[in-house]
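Here is the naming used below: chain letters follow the sequence lines, and residue numbers restart at 1 for every chain.
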Protein chains: 2
Amino acid sequence: MDPRLDRDVSNCSIARTLEVVGEKWTILILREVWYGSSRFSDFERVLGCPRNLLATRLRMLVEEGILATETYKEPGSRSRPKYVITPKGMDLVPAVMGLLQWGDRYRADPEGPAVLARHRACGAHVDVQVRCERGHSVQAEDIESVPGPAFRMKPAE
Amino acid sequence: MDPRLDRDVSNCSIARTLEVVGEKWTILILREVWYGSSRFSDFERVLGCPRNLLATRLRMLVEEGILATETYKEPGSRSRPKYVITPKGMDLVPAVMGLLQWGDRYRADPEGPAVLARHRACGAHVDVQVRCERGHSVQAEDIESVPGPAFRMKPAE
DNA sequence: TATCTGAGTTTACTTTTCCATACTCAGCCA
DNA sequence: TGGCTGAGTATGGAAAAGTAAACTCAGATA
């Protein structure tokens, strides 16, 4: 990964993920889904996000298969849509927990974080860790990035 | 975490992290730092990012303590600044690896990812995992989010 | 002394995104 | 029939991002 190399960066998995969840509000919408929100009005109230953006982001998340719509019916009201997370959306949890963890460490209030993540089965605190296939815990500086099967050079100009 | 509760969301660690790294280009700049870039011209060439935004983002990352400037000197040239990652920046690795992993799974080219992460010591593939303090591997659906010490309700209007 | 280079800054313009607010629409209910 | 409610859509102005090019600045080189 020599920086002087003209790597083609168009198939980077980080950039491609950010195309889906890199817009303002998108990750915060997912946060609210994990915390239990499912209705348009829930998201609007707790996030304070403009309604048109909220509608656009929700539609995009559904198109991408990260959320799915179901219907709910309050007694005395007609059926309305709600948003639930899919397995594909669940797979974003490690990334978002990584953001949460960094914020807890460097930007939390003096008294601590606003939300704690616990293992439902044992109640212990949960965090994200980098590990290798052999089970070793890996420090960030011990990660080596090497070209993969889809590695490409920039086409000549 | 009842969605009907009017949680005060202003001290969320996810939102606070996104204030720092949630802008376009910022995470991609960090990606390039991990891959070995350190100079203004490296970032500009590989990212294709506008120079004025690149300067703004680099300045912000240095102010936040995620990058630091050092000087380098090529023989026959004067000393110039370069950007290196700090321990605070290294702590963003789990979050960014989470994004990488999701992109590898759902948005990679058919032949696979463009970059592979290996454990320098043993060469095995590296990934991010959610685990609890007791060492259990935790599935996303087994995470329970509970109010922490800085949990607050929205001030009454 | 003049020129070149890398690392920016500045400026000017276009495009996109964001935000706030108003409006619509469908069904329930009085 | 008319009002109410949740879930949107429409719109117009403000802010941010993108593009392109010129300008600066310090030291190295010719």
Chemist: Please work out if A:Tyr72 contacts a base, only the sugar-phosphate, or nothing of the nucleic acid, heavy-atom cut-off 4.0 Å.
Modeler: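 It contacts sugar-phosphate atoms only.
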
Chemist: Between C:dG8 atom P and B:Ile29 atom CD1, what is the distance in whole Å?
Modeler: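 Whole-Å distance recorded here is 12 Å.
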
Chemist: Counting just side-chain N and O atoms, does A:Arg57 come under 4.0 Å of either OP1 or OP2 of C:dC18?
Modeler: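 Yes, within the criterion.
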
Chemist: Are OP1 or OP2 of D:dG6 and a side-chain N or O of A:Tyr83 less than 4.0 angstrom apart?
Modeler: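 Indeed not, no polar side-chain atom of A:Tyr83 lies that close.
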
Chemist: Report yes or no: do B:Val138 and A:Leu116 belong to one cluster of Ile/Leu/Val/Met/Phe/Trp/Tyr joined by side chain heavy-atom distances under 4.5 Å?
Modeler: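 Not linked; separate clusters.
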
Chemist: I want to verify a distance call: between D:dA7, C:dG8, D:dA17, whose nearest atom is closest to the B:Glu23 side chain?
Modeler: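 Among D:dA7, C:dG8, D:dA17, the one nearest the side chain of B:Glu23 is D:dA17.
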
Chemist: Between A:Ser77 and B:Lys82, which residue's closest nucleotide on DNA chain C lies nearer the 5′ terminus?
Modeler: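 Nearest nucleotide further toward 5': that of B:Lys82.
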
Chemist: Among B:Val46, B:Val115, B:Leu28, which residue meets the side-chain contact (heavy atoms from CB on, under 4.5 Å) test with A:Val9?
Modeler: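 Checked B:Val46, B:Val115, B:Leu28 against A:Val9; only one passes side-chain contact (heavy atoms from CB on, under 4.5 Å): B:Val46.
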
Chemist: Side chain of A:Pro50 only, please: which of C:dC19, C:dA7, D:dA17 is the nearest?
Modeler: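 The listed nucleotide nearest to A:Pro50's side chain is C:dC19.
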
Chemist: Determine: side-chain N/O of A:Trp25 to OP1/OP2 of C:dC18, distance under 4.0 Å, yes or no.
Modeler: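 No, A:Trp25 has no side-chain N/O under 4.0 Å of OP1/OP2 on C:dC18.
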
Chemist: Hey, are the side chains of A:Arg118 and B:Ile143 touching, using non-hydrogen atoms and a 4.5 Å cut-off?
Modeler: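 They are not in side-chain contact.
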
Chemist: Would you kindly compare A:Gly76 and A:Lys24 by the position of their nearest DNA chain C nucleotide and give the one closer to the 5′ end?
Modeler: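 Taking each residue's closest nucleotide, the earlier one in sequence belongs to A:Lys24.
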
Chemist: Hey, is the side chain of A:Ser41 poking within less than 4.0 Å of OP1 or OP2 on D:dA7, counting only N and O atoms?
Modeler: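 Yes, within the criterion.
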
Chemist: Can you tell me how far P of C:dC18 sits from CG of B:Leu18, to the nearest Å?
Modeler: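 Atom-to-atom, B:Leu18 to C:dC18, this comes out as 13 Å.
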
Chemist: Tell me the interatomic distance from A:Phe40, atom CZ, to C:dA26, atom C1', rounded to whole angstroms.
Modeler: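 Roughly 16 Å, once rounded to whole Å.
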
Chemist: Is there a donor and acceptor pair, one atom on the side chain of B:Arg80 and one on the base of C:dA7, closer than 3.5 Å?
Modeler: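 No.
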
Chemist: Between the base of D:dT11 and the side chain of A:Asn52, is there a donor and acceptor pair under 3.5 angstrom?
Modeler: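 By the distance-only test, yes, there is a pair.
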
Chemist: From the set D:dA17, D:dG8, C:dT9, return the single nucleotide nearest to any side-chain atom of B:Leu53.
Modeler: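 Given the options D:dA17, D:dG8, C:dT9, the side chain of B:Leu53 is closest to D:dA17.
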
Chemist: Would you say the side chain of A:Arg39 and the base of D:dA7 hold a donor-acceptor pair, judged only by whether the two atoms sit under 3.5 Å apart?
Modeler: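 Checked by distance alone, the answer is no.
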
Chemist: I need the A:Arg31 CZ to A:Leu99 CG distance, nearest 0.5 Å.
Modeler: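 One gets 11.5 Å once the value is rounded to the nearest 0.5 Å.
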
Chemist: Compare the minimum distances between each of C:dA7, D:dG8, C:dC25 and the side chain of A:Pro81, then state the nucleotide with the smallest one.
Modeler: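 Closest of the options to the side chain of A:Pro81: D:dG8.
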
Chemist: Specify the separation, in whole Å, of atom CD of A:Glu19 and atom P of C:dT17.
Modeler: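 A:Glu19 atom CD is separated from C:dT17 atom P by 13 Å.
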
Chemist: Can you tell me the distance, in whole Å, between the CE atom of A:Met60 and the C1' atom of D:dG8?
Modeler: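 It is 17 Å, rounded to the nearest whole Å.
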
Chemist: Measure CD/B:Glu70 against P/C:dA7 and give the value in whole Å, please.
Modeler: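 After rounding, the gap between these two atoms is 14 Å.
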
Chemist: Give the nucleotide from the list D:dA7, C:dA7, C:dA26 with an atom nearest to the side chain of B:Arg51.
Modeler: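 So the nucleotide nearest the side chain must be C:dA7.
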
Chemist: Hey, are A:Ser10 and A:Arg152 close enough side-chain-wise for a donor-acceptor pair under 3.5 Å?
Modeler: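 Judged by distance alone, the side chains do pair up.
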
Chemist: Look at the side chain of A:Lys73 and decide which nucleotide, out of C:dC18, D:dG6, C:dC28, has an atom nearest to it.
Modeler: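 From the listed options, C:dC28 comes nearest.
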
Chemist: To check you understand the geometry: which heavy-atom pair defines the closest contact between B:Lys154 and B:Arg7, and what is its length?
Modeler: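 Minimum heavy-atom separation between B:Lys154 and B:Arg7: CG-O, 3.8 Å.
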
Chemist: B:Arg59 CZ to C:dG8 P: how many Å, rounded?
Modeler: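 Going from CZ in B:Arg59 over to P in C:dG8 covers 9 Å.
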
Chemist: Rounding to an integer number of Å, can you tell me how far A:Glu44 CD sits from C:dA20 C1'?
Modeler: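 Atom-to-atom, A:Glu44 to C:dA20, this comes out as 11 Å.
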
